[in-house]
Participant: 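The structure that follows is given in the form of structure tokens.
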Protein chains: 2
Amino acid sequence: MNIEDIARASGVSRSTVSRVINDDPNVSTKTRDRVLEVVKRLNYHPHAAARSLAAGRTRVLGLVIPMGVAALFSDPYFPLLIQGVSAACNARDHSIMLWLADPEYERRTIRQILHGSFIDGVILASQLNDDPIGHALIEGNLPFIHIGRHPTNDTLHYVDVDNLAGAQEAVMHLLRLGRRRIATITGPQNMIAGFDRLAGYEAALRQRGLLVEPELIADGEFSEAGGYVAMRRLLPHHPDAVFTASDMMALGALRAIREIGLRIPDEIALVGFDDMPFAANTTPPLTTIRQPVARTGAIAAETLIDLVAHPQQPPRRILLPTELVIRQSCGALASPSAD
Amino acid sequence: MNIEDIARASGVSRSTVSRVINDDPNVSTKTRDRVLEVVKRLNYHPHAAARSLAAGRTRVLGLVIPMGVAALFSDPYFPLLIQGVSAACNARDHSIMLWLADPEYERRTIRQILHGSFIDGVILASQLNDDPIGHALIEGNLPFIHIGRHPTNDTLHYVDVDNLAGAQEAVMHLLRLGRRRIATITGPQNMIAGFDRLAGYEAALRQRGLLVEPELIADGEFSEAGGYVAMRRLLPHHPDAVFTASDMMALGALRAIREIGLRIPDEIALVGFDDMPFAANTTPPLTTIRQPVARTGAIAAETLIDLVAHPQQPPRRILLPTELVIRQSCGALASPSAD
DNA sequence: AGATCGCCTGGGAGCGCTCCCAAAGCCTGG
DNA sequence: CCAGGCTTTGGGAGCGCTCCCAGGCGATCT
């Protein structure tokens, strides 16, 4: 069944049916209603490929997740992000094409994406600075938006959370609680989130006139195992608090602390970043910086759809605010209470 | 740039270029090489929509994840599954269209999927029995395959892991270690994985002539929080071991056990299911049943692509084997050792 | 040497839609 | 009552590809 059938069945022309389907205002209410009735009755759905071919738009957004950081993909971050992107696409009659850019296939994937006319635009969920896919996109002529700000190129569109401010708030919170030997477990410094969160840590210390001591900084690679290893390296330096740049790493830190038997928060306070679903259920519950992951995805999708419709806009640089979520691990709450 | 340009540039006809692109054998080696050289030099990529329209195939698979179980989506299970599907699609020159079927949009989504001609087939990653999307697919005429066996309808294609055998092995392992009061924390019984894993638990007990005691069974809803609650309900009945039907729930059980101060595995042994990435890093490391999640996704994709090419096949019912991974939490290892 | 066959190649038709232009219908004002 | 404008409608062309059929050409057989 095609548009011609609908035209015949409702006694109008192909063009009119097309107008109705595409919400063109130049159709009389009477005609529109008649056509819509037929469309519904015959359960007609326009053929996506034909539509794309004729219109030059696919109503599909590409979501590209480079797997250079494959290990991280089992992080709940991505499902949340995808949920946000998906919701925004649903609401605006778009679909998502998902590409996990396996390094091995990366070159092929890039070309396929750029030249295959599959999609109208790309959301690049790269956490890595200077990702080759990012470069390829700059050279292509497909609209695209980054999840995560670009460290140097400020002509690009992006959506990110304010990692620096969030990290700074976390550390300020620990400082307000009287902690003075605050360590940090960082993410990889070639990921902008890792970089910015360390910058936030340093900013907070400086703001209080404290020194940034290198032995209180350890890289935890944004993973549980990395957090554990990093914490074990930090413990000999006797920090009285730790800010971990992700909840996942906080989990590892928690494990290391538990192993040597220090009490949290009395002997060592802990603040994470992300507010992942599990953060409320650790022992003790984790104080952390909440970031709106799903919303980040949704805004990226919406912005991109807008960019497809109106290209050549000045760069959109969107920073979403974070929020400090106080639970037991930081020691701010007098007695352990239900969350 | 289109196929005509390539034809002109390589001195052959449109048809010949099409043959080369589609690996049609009826082209002389000389011509093929010449055309391929031009394709590469001009960086030509066929227009996906035009191709789909003319050929009636899109080379796109739909991956549908119903969000009736939204909470579960932050489980690392889905990223792993998606990774498998993605790898198989990459290898076979297909793409993935992802639909998170939000209950609110479900009806619209179904129709869009079934009639939009977006995709050649559907992978339905529903964990729920009698999912409405499942019903809609049966009525449609698009090839589809389930992730997870269907409890009653055995005319459907599916890929699943052998949940029953896996669970049975887990409980048999505990029995072999001398445990006799073995409890279980189950998944929801309207999910086939939850159902089968409970069946495996029961099968193991019966095999040893032991009674299945209802007070040793509690539903943990496949979540950490649910596992915690379930464990607290089980503890008063003094089990000497617990089989949790997922690692996520094992995490919750672990937390509940730690709170009341029982020693694992001495006083209570614990075996999970999934072998999620975090299972090796719990305290103590979790003995669990490894299931090949990514492989499940890959096989689903491959089977579906085959089904698209050759429809009307007898139902493919594929069960993948699981594997017992012994760590410290079950007490089988004499002394805590590195994993 | 001519007929036959198989291998390659070329071009027409058409997939189902959108976009553009032309024209029909309707209303308003003089 | 007619001109002029706006609203609404119809049909042609074309998006870039695949598929089918026809035909050219060289090799093989008689």
Side-chain angles (χ1 to χ4, degrees), chain A residues 1-36 38-39 42-60 93-95 112 114-120 308-309, chain B residues 1-36 38-39 42-60 93-95 112 114-120 308-309:
Chain A
M1 184 182 31
N2 60 28
I3 199 172
E4 207 82 53
D5 297 322
I6 303 302
R8 218 171 304 121
S10 43
V12 297
S13 74
R14 201 168 18 101
S15 304
T16 301
V17 176
S18 174
R19 285 187 194 98
V20 171
I21 294 172
N22 291 289
D23 281 328
D24 186 314
N26 297 324
V27 184
S28 72
T29 317
K30 214 178 105 191
T31 309
R32 157 165 290 121
D33 290 347
R34 185 150 37 101
V35 172
L36 283 177
V38 173
V39 164
L42 300 187
N43 194 23
Y44 164 73
H45 290 260
H47 190 286
R51 234 179 165 181
S52 304
L53 179 57
R57 294 184 311 136
T58 60
R59 293 157 187 270
V60 176
D93 194 23
H94 278 242
S95 304
Q112 200 180 344
L114 287 178
H115 305 285
S117 317
F118 280 99
I119 50 179
D120 291 342
V308 170
Chain B
M1 185 182 31
N2 60 27
I3 199 172
E4 208 81 53
D5 297 322
I6 304 302
R8 218 171 302 123
S10 44
V12 297
S13 73
R14 204 169 14 103
S15 304
T16 300
V17 176
S18 174
R19 285 188 194 96
V20 171
I21 292 172
N22 292 290
D23 281 327
D24 185 314
N26 296 325
V27 185
S28 72
T29 316
K30 214 178 105 193
T31 309
R32 157 164 291 121
D33 290 348
R34 186 150 37 101
V35 172
L36 284 177
V38 173
V39 164
L42 300 187
N43 193 23
Y44 164 73
H45 291 259
H47 190 285
R51 240 182 159 177
S52 304
L53 179 58
R57 296 183 310 136
T58 60
R59 294 158 187 270
V60 176
D93 194 23
H94 278 241
S95 304
Q112 199 180 345
L114 287 178
H115 305 285
S117 315
F118 281 99
I119 51 179
D120 292 342
V308 170

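Each chain gets a letter, A, B and so on, in the order its sequence line appears, and its residues count up from 1. Predicted, not measured: the structure shown is a model, and the values here were computed from it.
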Participant: Between the side chains of Arg51(B) and Asn22(B), does any donor sit under 3.5 Å from an acceptor?
Facilitator: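 Distance-only check passes for Arg51(B) and Asn22(B).
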Participant: Does Ser28(A) have a side-chain nitrogen or oxygen under 4.0 Å from the phosphate oxygens OP1 or OP2 of dT9(D)?
Facilitator: yes
Participant: Rounded to whole angstrom units, what separation is found between the CD1 atom of Ile3(A) and the P atom of dG14(D)?
Facilitator: 19 Å
Participant: For Ala55(B) and for Ser18(A), find the nucleotide of DNA chain C with the closest heavy atom, then tell me which residue's nucleotide is more 5'.
Facilitator: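 In this pair, the answer is Ala55(B).
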Participant: Arg14(A) has an atom CZ; how far is it from atom C1' of dT18(C), in whole Å?
Facilitator: 9 Å
Participant: Using a 4.0 Å heavy-atom cut-off across all strands, classify Thr31(B) as base, sugar-phosphate, or nothing.
Facilitator: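 It contacts sugar-phosphate atoms only.
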Participant: Have a look at Ser15(A) and say if it touches a base, only the backbone sugar-phosphate, or nothing, with a 4.0 Å heavy-atom cut-off.
Facilitator: base
Participant: To the nearest Å, how far apart are Glu4(A) CD and dG14(C) P?
Facilitator: 13 Å
Participant: Identify, between Arg51(A) and Arg32(B), the residue whose nearest nucleotide on DNA chain C lies closer to the 5' end.
Facilitator: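 Between the two, 5'-proximity favours Arg32(B).
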Participant: Whether Tyr44(B) contacts dG16(D) is assessed here as follows: a side-chain N or O lying under 4.0 Å from the phosphate OP1 or OP2. Is that the case?
Facilitator: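 For dG16(D), OP1/OP2 do not have a side-chain N/O of Tyr44(B) under 4.0 Å.
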Participant: Which residue, Val27(A) or Asn2(B), contacts DNA chain D at a nucleotide closer to its 5' end, judged by nearest heavy atom?
Facilitator: Val27(A)
Participant: For the atom pair NE2 (His94(A)) and CZ (Arg57(A)), what is the distance rounded to the nearest 0.5 Å?
Facilitator: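 Here the rounded value is 6.5 Å.
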Participant: Work out how much the helix from dA1(C)-dT30(D) to dG30(C)-dC1(D) bends between its end axes, five pairs an end, to the nearest 10 degrees.
Facilitator: 40°
Participant: Go through the side-chain N and O atoms of Thr31(B) and Ser28(B) and say whether any donor and acceptor fall under 3.5 Å apart.
Facilitator: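 Result is yes, a qualifying pair exists.
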Participant: Figure out the CD1/P separation between Ile6(B) and dT18(D), and round it to whole Å.
Facilitator: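 Taking CD1 of Ile6(B) and P of dT18(D), I get 12 Å after rounding.
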Participant: Just jot down the side chain to side chain contact (heavy atoms under 4.5 Å, CB included) partners of Val39(B), sequence neighbours excluded, or say none.
Facilitator: Ile6(B), Val35(B), Tyr44(B)
Participant: What verdict does the salt bridge (Lys or Arg N to Asp or Glu O under 4.0 Å) test give for Asp120(A) and Arg59(A), after you've listed the backbone C-alpha separation in whole Å, the side-chain angles of each residue and the deciding distance to 0.1 Å?
Facilitator: CA-CA 6 Å; Asp120(A) 291 342; Arg59(A) 293 157 187 270; over 6 Å; no
Participant: Which part of the nucleic acid, if any, lies within contact of Asn26(B), taking any heavy atom under 4.0 Å across all strands shown: a base, the sugar-phosphate backbone alone, or nothing?
Facilitator: base
Participant: Rounded to the nearest angstrom, tell me the gap between atom CG in Asp24(B) and atom P in dC17(D).
Facilitator: 17 Å
